[in-house]
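Since the structure comes first, as structure tokens, the remarks are kept for the end.
Lettering follows sequence order; numbering is per chain, from 1. Given the structure is predicted, the values throughout are model-derived calculations rather than measurements.
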Amino acid sequence: MRLKNLSPQDLKPLLLGCRHSALISQIHAVMVSSGLFSSGNSNAQLISSYGRAGDLESAHKVFDKISLRRVDSWNAMLIAYSRNECPVEVVNAYKQMVFEGVKPDSSTFTVALKACTILQDLEKGEVIWEKVVECGYENDIFVGSSILNLYAKCGKMDKAAIVFEKMQKRDTVCWTTMITGIVQSGKGREAVDLYRRMQKEGMVSDGVVMLGLMQACANIADTKLGLSVHGYMIRRALPMDVNMLTSLVDMYAKNGELDLATRVFRKIPCRNTVSWSALISGFAQNGFAVNALQLLIEMQLSGLTPDVASLVSALLACSHIGSLKLGRSIHGYAVRKVIMDQVLSTAFIDMYAKCGLISCARALYEHIGSKDLICWNTIIACYGIHGHGREALTLFQQMKDKIEPDHATFAALLSALSHSGLVEEGRHWFDVMVNEYNIKPSEKHYACLVDLLARAGEVEEAKDIIICMEMKPGLAVWVALLSGCHKHKKFLIGELAANRVLELIPENTGTLVLVANFFAAAKVWDKAAAVRKVMKKAGMKKVPGYSAVEVNGRLHAFLMGDTSHPQYEQIIGLLCNLENEMKAMGYVPKTEFVWQNLEEEAKVKVLCYHSERLAIAFGLLNTAPGTRLLITKNLRVCGDCHEVTKFISVIVKREIIVRDVKRFHHFKDGICSCGDYW
DNA sequence: ATAGGGTTAG
């Protein structure tokens with residue numbers, strides 16, 4: 001059929017459904033020749049059609065030719081810009097329209113506010129809102145949900161709530177916008193409360209609100225609620241597309257329900273990179289690094305290319321297990337295949353530092369052009385765990401002239417100063433944080449300060465700080481005080497701290513062990529026995545200490561006293577030889593680090609089988625002379641192993657890096673980077 | 001007069 005034979009009534013629907021610029025211009029031509037243009041809103045329709053087809057130039061040509069532009073022409077142009085992701089043009093056109101005296105309507109405001117949301121321009125958005133009120137559209141739910149979303153995306157949930165409560169009518173979108181906004185501001189609990197209110201008011205839920213609710217379940221770590229959301233979606237037969245299923249995977253994974261996450265994941269018919277990343281990140285964040293990395297490989301085998309987010313998750317896994325080889329190969333991959341952005345670069349900095357290569361981390365950091373807050377915080381924290389408190393402080397000084405430090409910056413700084421024993425600096429910068437930056441210290445900051453002071457023996461001052469805290473002191477601060485008291489044999493204050501720790505019912509076995517050891521050292525035998533009894537009764541097992549070492553790209557893990565290894569005989573043989581050499585050099589086993597009640601001779605044996613020593617010996621046996629070793633340990637390194645590693649580094653002439661749960665110990669030529677202060 | 005404009009996973 002030829003276009004020219006069509007009547008004007010037939011042309012219009014054709015125009016509406018048309019997505020091809022060339023065809024639109026043909027219809028356009030017919031409309032011109034048949035004189036259809038004098039009538040009404042044809043221009044608006046043409047602009048809209050060109051916009052939908054992505055041809056902004058033609059849309060603009062039509063718009064420019066209109067002599068008297070009414071709202072619908074302006075709206076069509078604004079929508080065309082909006083559809084083609086040109087928020088700046090939307091805002092400019094809006095301004096021009098108002099300037100020319102055309103009165104905007106509901107659509108105008110909706111589109112203009114959305115543009116402000118994309119631009120994160122709260123100020124302009126609020127100017128537009130004034131106009132909304134002036135034109136009497138403040139009760140329009142489309143405009144209303146737009147302003148709610150603007151506030152939400154700009155992190156102003158308090159302002160959003162004010163508008164929301166004033167609304168006379170609310171539809172599902174309004175509720176959803178609020179619920180999602182509240183979740184994303186980190187308040188999962190409040191989001192769930194709002195959802196309950198929504199149900200009470202008889203609103204029907206759809207898939208989108210479920211997405212928000214699932215985020216909330218992940219946020220507040222409520223698996224039970226998550227399960228009921230999942231069940232609800234099944235009962236209501238809400239369409240389960242990839243997004244929905246991926247959200248379920250994410251929710252279960254964040255709650256540590258990796259079995260459930262995997263089961264849902266396996267049911268997704270057409271997985272995309274987001275689905276994979278959700279699962280990979282779940283495994284990585286729950287400490288299953290090897291599984292995370294296996295999944296990354298499986299993802300590639302399935303034909304998908306990892307993107308930034310999936311790589312960041314995998315890198316986190318490498319950091320966890322200290323797998324430099326895998327981290328490096330991901331780096332090589334990223335350089336070739338992915339655009340390096342700030343987030344990914346920061347993940348690499350973290351990975352190199354956590355795999356022992358602080359200098360590589362630094363080099364990468366120097367390469368980043370403009371550094372954001374997270375990047376600064378990361379490098380400061382990296383120097384901290386490596387025991388370079390001075391360097392962390394120098395970086396902090398550079399940072400504060402360029403960008404505003406936040407609570408995490410100070411947490412990293414204080415912890416760095418604490419690990420290096422920079423007591424005076426610690427006191428000073430804590431004060432600066434409170435008084436100059438007006439950052440209210442959190443429990444974490446207090447724990448750093450108490451740790452810093454107590455570790456240095458200033459337990460009186462540390463205790464006074466805890467007593468003056470504005471919030472109720474939690475486990476972290478009391479444990480910090482207790483371990484300082486234990487180290488410096490300050491039994492009086494220590495006993496106070498130990499009793500507070502017990503009152504708070506610690507679930508961590510390591511904490512209870514500390515309490516028991518402290519009471520034993522203070523010769524409060526009955527209490528020491530009582531704590532051990534509690535542990536036994538609760539069936540608390542000591543977290544098995546293990547150490548891992550990477551040899552030829554494979555990770556080898558050793559449990560304490562592990563006799564199952566095929567090279568066990570050789571490992572023990574080597575350790576015996578080393579021990580004899582050490583003794584000749586003046587080493588005396590520090591049996592006070594054995595907390596079991598054993599004969600002296602047996603204690604020496606226990607020390608000998610500490611997992612880090614097995615890992616070191618294995619590394620020595622299976623790598624070329626001179627190769628640097630990186631050992632990762634899941635608990636703290638004991639004082640005796642620390643001493644032994646210093647000796648070994650001299651005897652075998654190797655650099656040995658031991659990363660324990662808190663920080664790095666870099667042994668070289670009989671010296672440790674921590675200066676024996678940890 | 002009608003359609004359209006607002007919420008959507010790692």
Side-chain angles (χ1 to χ4, degrees), chain A residues 12-13 15-17 40-41 44-45 47-49 51-52 71-72 74-76 78-83 90 104-118 132 137 140-153 160 164 167 170-184 198 203 205-215 218 238-254 261 264-265 268 271-285 292 295 299 304 306-314 316 343:
Chain A
K12 279 201 178 175
L15 198 57
L16 273 177
N41 53 13
Q45 277 185 5
I47 295 167
S48 159
S49 295
R52 215 183 348 240
V71 209
D72 51 353
W74 280 104
N75 284 351
L78 255 68
I79 292 162
Y81 282 136
S82 177
R83 278 204 177 124
V90 172
D105 70 3
S106 155
S107 301
T108 323
F109 289 126
T110 308
V111 178
L113 285 171
K114 186 186 181 181
C116 294
T117 307
I118 292 165
V132 169
Y137 282 101
D140 182 295
I141 35 175
F142 277 75
V143 180
S145 55
S146 303
I147 189 81
L148 291 181
N149 193 35
L150 173 68
Y151 280 136
K153 292 286 145 65
F164 181 77
M167 292 174 88
R170 306 178 190 106
D171 66 356
T172 313
V173 177
C174 295
W175 285 96
T176 307
T177 307
M178 281 304 286
I179 290 168
T180 310
I182 293 172
V183 176
Q184 290 177 351
M198 171 183 173
M203 301 297 304
S205 330
D206 62 356
V208 185
V209 77
M210 287 299 136
L211 289 174
L213 211 53
M214 281 189 276
Q215 275 187 38
L238 293 177
M240 286 284 200
D241 60 359
V242 205
N243 301 351
M244 223 45 128
L245 291 165
T246 301
S247 294
L248 278 169
V249 171
D250 183 50
M251 184 267 293
Y252 285 131
K254 285 213 175 98
V264 176
F265 176 81
I268 305 178
R271 300 169 200 133
N272 56 28
T273 43
V274 181
S275 329
W276 281 95
S277 312
L279 193 63
I280 292 174
S281 128
F283 275 99
Q285 305 217 353
L295 281 166
M299 169 184 184
L304 283 168
D307 65 353
V308 171
S310 30
L311 292 182
V312 167
S313 296
L316 185 71
V343 178

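Atom-to-atom, CH2 of W276(A) to P of dG10(B) comes out at 18 Å; the value is rounded to the nearest Å. Following rounding to the nearest Å, F142(A) (CZ) and dT7(B) (P) show an atom-to-atom distance of 11 Å. The nearest whole Å value for the distance from the CE atom in M240(A) to the C1' atom in dT8(B) is 15 Å. The distance from atom CZ of R271(A) to atom P of dG10(B) is 18 Å, rounded to the nearest whole Å. The distance between atom CG of D171(A) and atom C1' of dG6(B), rounded to the nearest whole Å, is 8 Å. Between I79(A) atom CD1 and dA3(B) atom C1' the separation is 9 Å, expressed in whole Å. Rounded to whole Å, the distance from CE on M167(A) to P on dG6(B) is 15 Å. One can place CG of L148(A) at 10 Å from C1' of dT7(B), the figure rounded to the nearest angstrom.
Across all strands, S145(A) comes closer than 4.0 Å to base atoms (heavy-atom distances). Among the atoms of the strands shown, base atoms are found under 4.0 Å from some heavy atom of S277(A). Across all strands shown, S310(A) has heavy atoms under 4.0 Å from base atoms, whether or not it also approaches the sugar-phosphate. Using a 4.0 Å heavy-atom distance criterion, I141(A) is classed as a base contact. Contacts of D206(A) with the nucleic acid, taken as non-hydrogen atoms under 4.0 Å apart, are absent.
No side-chain heavy atom of F265(A) sits under 4.5 Å from any side-chain heavy atom of Y252(A). You'll find the side chain of C174(A) reaches within 4.5 Å of the side chain of I141(A), heavy atoms only. Residues K114(A) and S146(A) form no side-chain contact, since every pair of their non-hydrogen atoms from C-beta on lies 4.5 Å or further apart.
Between the CG atom of L148(A) and the OG1 atom of T176(A) there is a distance of 11.0 Å, given to the nearest 0.5 Å.
Here the nucleotide nearest the side chain of C174(A), chosen from dT8(B), dG10(B), dG6(B), is dG6(B). Set against dG6(B), dG10(B), dA9(B), the side chain of D307(A) has dG10(B) as its closest nucleotide.
Scanning atom types as modelled, no donor and acceptor separated by under 3.5 angstrom connect the side chain of T110(A) and the base of dG6(B). The base of dG6(B) is not paired with the side chain of S146(A) by any donor and acceptor separated by under 3.5 Å.
For the pairing with S275(A), the side chain to side chain contact (heavy atoms under 4.5 Å, CB included) check across N243(A), V249(A), I268(A), V264(A) returns one residue only, I268(A).
Remark: K153(A) is not in phosphate contact with dG6(B), judged by side-chain N or O atoms under 4.0 Å from OP1 or OP2. Remark: N149(A) is in phosphate contact with dT7(B), judged by side-chain N or O atoms under 4.0 Å from OP1 or OP2.
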